[in-house]
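Quick notes on the structure that follows.
Here is how names work: the chains are called A, B, and so on, in the same order as the sequence lines, proteins then strands, and each is numbered from 1.
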Amino acid sequence: ETGVTQTPRHLVMGMTNKKSLKCEQHLGHNAMYWYKQSAKKPLELMFVYNFKEQTENNSVPSRFSPECPNSSHLFLHLHTLQPEDSALYLCASSQGLSGSSYNEQFFGPGTRLTVL
Amino acid sequence: QQPVQSPQAVILREGEDAVINCSSSKALYSVHWYRQKHGEAPVFLMILLKGGEQKGHEKISASFNEKKQQSSLYLTASQLSYSGTYFCGTGLRTDKLIFGTGTRLQVFP
């Protein structure tokens with residue numbers, strides 16, 4: 001595998017379910033990001049991790065819980081979601097300091113989430 | 001805070017040129033440009049930094065007017081493969097990227 005991979009690619013869940021999204025980067029980067037992309041809205045940054053430490057939480061509801069066990073893996077744990085949380089969730093990684101606007105970000109293909 | 005992109009949509013025939021603009025209300029350290037095709041991940045095109053440094057595609061050109069807090073992406077002699085949604089991301093010096101709403105570009109034969 002190369003680049004940034006995400007699993008699953010599609011997920012349908014009920015509001016009472018608990019599920020997790022997984023992201024893995026094979027680029028040797030130290031910063032990883034979760035974004036939410038809703039229809040007709042810009043990419044919204046959710047969380048940033050640098051060397052496994054969370055450096056940004058963009059006022060995300062607690063029903064989204066990120067986890068970064070190492071610099072290559074990033075998870076997003078989901079519980080008691082709402083229908084308005086349905087969206088494409090994108091993971092990205094970059095070299096350099098997290099939050100730095102100097103380095104390009106490499107995106108994964110995303111997980112299309114539908115909350116019923 | 002969110003950058004404003006214009007136009008919202010562009011329709012071109014192959015070989016035509018297009019300009020996509022990105023404006024911010026805040027002073028910027030950098031501007032990023034990405035392209036996203038339907039059902040795919042955004043792909044990096046270019047970074048423009050305060051002071052004139054650029055990183056990115058050889059075939060894509062862009063400008064960054066620091067005083068006006070604006071950036072423009074120039075697509076010349078468009079090809080079918082240029083179709084997609086273009087996003088600018090504006091970066092403050094030590095802060096995260098904030099993305100614009102996107103410009104949808106369609107190129108027809």
Hphob cluster co-occupancy, [X] + [Y], side-chain heavy atoms under 4.5 angstrom:
{"X": "B:Leu105", "Y": "B:Ile11", "result": "no"}
{"X": "A:Tyr89", "Y": "A:Val60", "result": "yes"}
{"X": "A:Phe75", "Y": "A:Leu88", "result": "no"}
{"X": "A:Val4", "Y": "A:Leu113", "result": "no"}

Those residues that, when tested against B:Ser72, pass side chain to side chain contact (heavy atoms under 4.5 Å, CB included) (two or more places apart) =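 Per chain and number, B:Ser72 pairs via side chain to side chain contact (heavy atoms under 4.5 Å, CB included) with B:Val19, B:Asn21, B:Ser63, B:Tyr74.
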ask   = So B:Met46 and A:Glu104, side-chain contact (heavy atoms from CB on, under 4.5 Å) or not? Walk me through it.
value = CA-CA 8 Å; B:Met46 175 165 284; A:Glu104 61 267 39; over 6 Å; no
Nearest non-hydrogen partners of [X] and [Y], listed with the distance:
{"X": "A:Arg9", "Y": "B:Gly39", "value": "NH2-O, 4.3 Å"}
{"X": "A:Gly108", "Y": "B:Ala41", "value": "O-CB, 2.8 Å"}
{"X": "B:Ile47", "Y": "A:Asn103", "value": "CD1-C, 3.6 Å"}

query = More than 12 foreign heavy atoms under 6.0 Å from CD of A:Glu84: is that the case here?
reply =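 Count over threshold, so yes.
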task = State whether the number of non-hydrogen atoms from other residues, nucleotides or ligands found under 6.0 Å of A:Lys18 atom NZ is greater than 12.
result =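 Incorrect, the count does not exceed 12.
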Reported CG-to-CD distance for the pair A:Leu43 and B:Gln2, which is rounded to 0.5 angstrom =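 Output value for this atom pair is 10.5 Å.
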query = Do A:Gln105 and B:Leu97 come within less than 4.5 Å of each other through their side chains, counting heavy atoms only?
reply =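 Result yes, sub-4.5 Å side-chain heavy-atom pair found.
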ask   = Hey, are the side chains of A:Pro109 and B:Glu40 touching, using non-hydrogen atoms and a 4.5 Å cut-off?
value =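 When only atoms from C-beta onward are counted, B:Glu40 and A:Pro109 do not touch, as no gap falls below 4.5 Å.
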Can you give each donor-acceptor pair under 3.5 Å made by side-chain atoms of residues 80-87 of chain B, sequence neighbours left out, with the distance rounded to 0.1 Å?
| unit_1 | atom_1 | unit_2 | atom_2 | d |
| --- | --- | --- | --- | --- |
| B:Ser83 | OG | B:Leu80 | O | 3.2 |
| B:Ser83 | OG | B:Val107 | N | 2.9 |
| B:Tyr86 | OH | B:Arg35 | NH1 | 3.0 |
| B:Tyr86 | OH | B:Tyr82 | O | 2.6 |

task = Would you mind telling me which of A:Gln6, A:Gln37, A:Arg112 has the largest number of heavy-atom pairs within less than 4.5 Å of chain B?
result =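 Sorted descending by pairs with chain B, the first entry is A:Gln37.
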For [X], is it the side chain, the backbone, both, or neither that has a heavy atom closer than 4.5 Å to a heavy atom of chain B?
{"X": "A:Glu44", "answer": "neither"}
{"X": "A:Leu45", "answer": "side chain"}
{"X": "A:Phe106", "answer": "neither"}

message = Are B:Phe44 and A:Phe107, when compared by the centres of their aromatic rings, separated by less than 6.0 Å?
response =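 Centroid distance B:Phe44-A:Phe107: not below 6.0 Å, so no.
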